[in-house]
Amino acid sequence: MLDLGRLRALHAVARHGSVGAAATALGFTPSAVSQQIAKLERETRTTLLERRGRGVALTDAAFLLASTADEVLRLVEQAEVTLEEQRGAAVGQLRVGAFATAARGVLPAALVALARDHPALDLRLVEMDPPQGLEAVARGELDMAVTHDWVNAPLPVPDGVSRARLGEDFADVLLPAGHPLADRDVLVPEDLAGERWICQPEGTICHDWLMNTFRGAGMEPDLAYRIAEYETQLALLANGVGVALLPRLGRGALPDTVRAVGFTPTPTRRVFAVWRTQATRRPAVAATLTALRGCWDDRLTA
């Protein structure tokens with residue numbers, strides 16, 4: 001009998017291309033993943049990892065076994081869904097990913113609600129950017145994720161993944177209080193020509209929105225400060241440095257030295273919950289989706 005946890009470790013190495021990346025995805029140490037695969041080698045009497053340079057690679061036999069493991073893990077998940085559905089209760093562990101502002105602005109209240117209403121549900125939360133969260137759900141490393149995209153920078157959803165919209169989140173242009181435009185009610189791209197932008201790094205959805213918006217208006221924004229954390233962006237703004245576009249979700253109170261000004265076209269993020277389609281009937285998924293929707297709506301009326 002092959003151990004399911006060891007098959008999961010091998011499957012993760014095949015998916016991610018290295019022991020280190022698999023360990024990160026599974027939440028283990030690289031040593032623990034290597035040990036699992038070593039035990040699987042003894043169980044199967046087959047070499048699964050071989051040294052190549054400074055690293056290791058899967059053998060042909062390992063790839064064959066990993067392919068079978070993919071089918072086994074899907075069947076196990078389906079069996080778990082069927083059993084949980086039959087019990088009719090949200091139980092067991094549910095792994096949820098969320099982008100940073102959702103983890104700050106929605107998930108705390110959702111965790112409290114789920115712990116109160118479904119005490120047998122063990123929800124585990126990991127902060128993760130939307131593209132990575134969506135991929136982790138598709139691979140089976142997460143059960144659900146809260147993701148977002150922008151109207152002009154949509155995020156494709158893989159086959160086998162379902163999603164439900166939680167709502168929309170709007171963004172404002174943030175400026176130092178002493179900026180000449182800080183007292184305006186609304187700004188358009190032309191007003192901000194020549195400004196030095198604080199923006200998330202290349203490859204993020206927020207970066208893509210800014211580039212698409214200004215290029216659509218025939219301008220190239222000057223991305224002078226590429227900062228991932230919103231708190232650091234606010235610190236720069238509070239000291240009179242740059243301009244930025246920050247969503248309202250999870251933003252909190254602004255410093256007295258920073259002003260928020262509306263923008264046209266209105267920057268709009270669409271916020272979704274995503275999960276694997278075959279887990280739709282799982283009560284834990286339904287309960288978590290209900291809690292997320294409720295907390296989203298409560299946030300708007302607070």
Side-chain angles (χ1 to χ4, degrees), residues 1-86 91-98 122-145 147 155-163 203 274-282 284-285:
M1 180 72 69
L2 297 180
D3 181 87
L4 190 61
R6 294 164 194 167
L7 284 175
R8 195 183 302 277
L10 178 67
H11 179 257
V13 173
R15 280 272 192 179
H16 296 281
S18 71
V19 170
T24 299
L26 294 171
F28 299 149
T29 64
S31 175
V33 172
S34 295
Q35 290 174 16
Q36 289 292 309
I37 293 179
K39 291 177 181 178
L40 187 59
E41 286 182 321
R42 291 195 291 273
E43 282 181 343
T44 60
R45 299 185 180 89
T46 303
T47 300
L48 301 174
L49 287 180
E50 59 185 12
R51 288 282 176 186
R52 288 189 185 173
R54 296 182 179 180
V56 295
L58 294 180
T59 63
D60 291 343
F63 278 112
L64 287 172
L65 185 56
S67 177
T68 301
D70 183 70
E71 298 176 26
V72 170
L73 293 172
R74 289 180 185 277
L75 288 172
V76 168
E77 181 184 37
Q78 189 58 51
E80 290 172 343
V81 168
T82 301
L83 287 172
E84 189 176 323
E85 184 184 24
Q86 198 171 46
V91 298
Q93 188 177 101
L94 194 80
R95 302 158 297 171
V96 177
D122 177 14
L123 196 144
R124 304 298 177 99
L125 175 64
V126 57
E127 186 178 299
M128 191 174 291
D129 286 338
Q132 288 72 38
L134 195 55
E135 291 171 6
V137 168
R139 290 193 298 258
E141 294 157 12
L142 292 176
D143 299 301
M144 292 187 74
T147 68
L155 185 64
V157 177
D159 291 339
V161 173
S162 295
R163 72 177 184 178
V274 300
W275 63 93
R276 284 184 303 287
T277 302
Q278 69 177 18
T280 297
R281 302 192 323 275
R282 186 180 174 190
V285 170

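Please read these numbers as outputs of a predicted model, since none were measured by experiment.
Here T46 contributes atom OG1 and D60 contributes atom CG; the two are 12.0 Å apart, rounded to the nearest 0.5 Å. In this structure, OG1 on T277 lies 9.0 Å from CG on D159, to the nearest 0.5 angstrom. Note that CD of Q36 is 6.5 Å distant from CG of D3, once rounded to the nearest 0.5 Å. Put simply, CG on L94 and CG on L125 are 10.5 Å apart, with the number rounded to the nearest 0.5 Å. Taking CD1 of I37 as the reference point, atom NZ of K39 lies at 12.5 Å (rounded to 0.5 Å). Of the inter-residue distances, the one linking Q278 atom CD with L75 atom CG reads 8.5 Å to the nearest 0.5 angstrom.
L65 has its side chain within reach of L40: a pair of non-hydrogen atoms, C-beta onward, lies under 4.5 Å apart. Two residues are said to be in side-chain contact when any heavy atoms from C-beta on lie closer than 4.5 Å; R15 and D70 meet this criterion. Residues V33 and T29 are not in side-chain contact: their nearest non-hydrogen atoms beyond the backbone lie 4.5 Å or more apart. The side-chain heavy atoms of V56 and V13, taken from C-beta on, include no pair separated by under 4.5 Å.
Nearest approach of A145 to G133, heavy atoms of both residues: CB-O, 3.9 Å.
For the salt bridge (charged side-chain N to carboxylate O under 4.0 Å, His left out) test, residues two or more places apart in sequence or in another chain that qualify with R276 are E77, D143. With sequence neighbours excluded, no residue forms a salt bridge (charged side-chain N to carboxylate O under 4.0 Å, His left out) with E41. R6 is linked by a side-chain hydrogen bond (donor to acceptor under 3.5 Å, both in side chains) to E43, counting only residues two or more places apart in sequence or in another chain. Residues that satisfy the side-chain hydrogen bond (donor to acceptor under 3.5 Å, both in side chains) test with T280, not counting sequence neighbours, are W275.
With hydrogens and angles left out, the side-chain atoms of T59 and T47 include no donor and acceptor closer than 3.5 Å. Checked by atom type, the side-chain pair E71/S67 shows no donor-acceptor distance below 3.5 Å.
Each salt bridge (Lys or Arg N to Asp or Glu O under 4.0 Å) pair with one or both residues in residues 18-33, not counting sequence neighbours, would appear here, but there are none. The side-chain hydrogen bond (donor to acceptor under 3.5 Å, both in side chains) pairs that include a residue from residues 128-141 are H16-E141, R139-E141, where partners are two or more places apart or lie in different chains.
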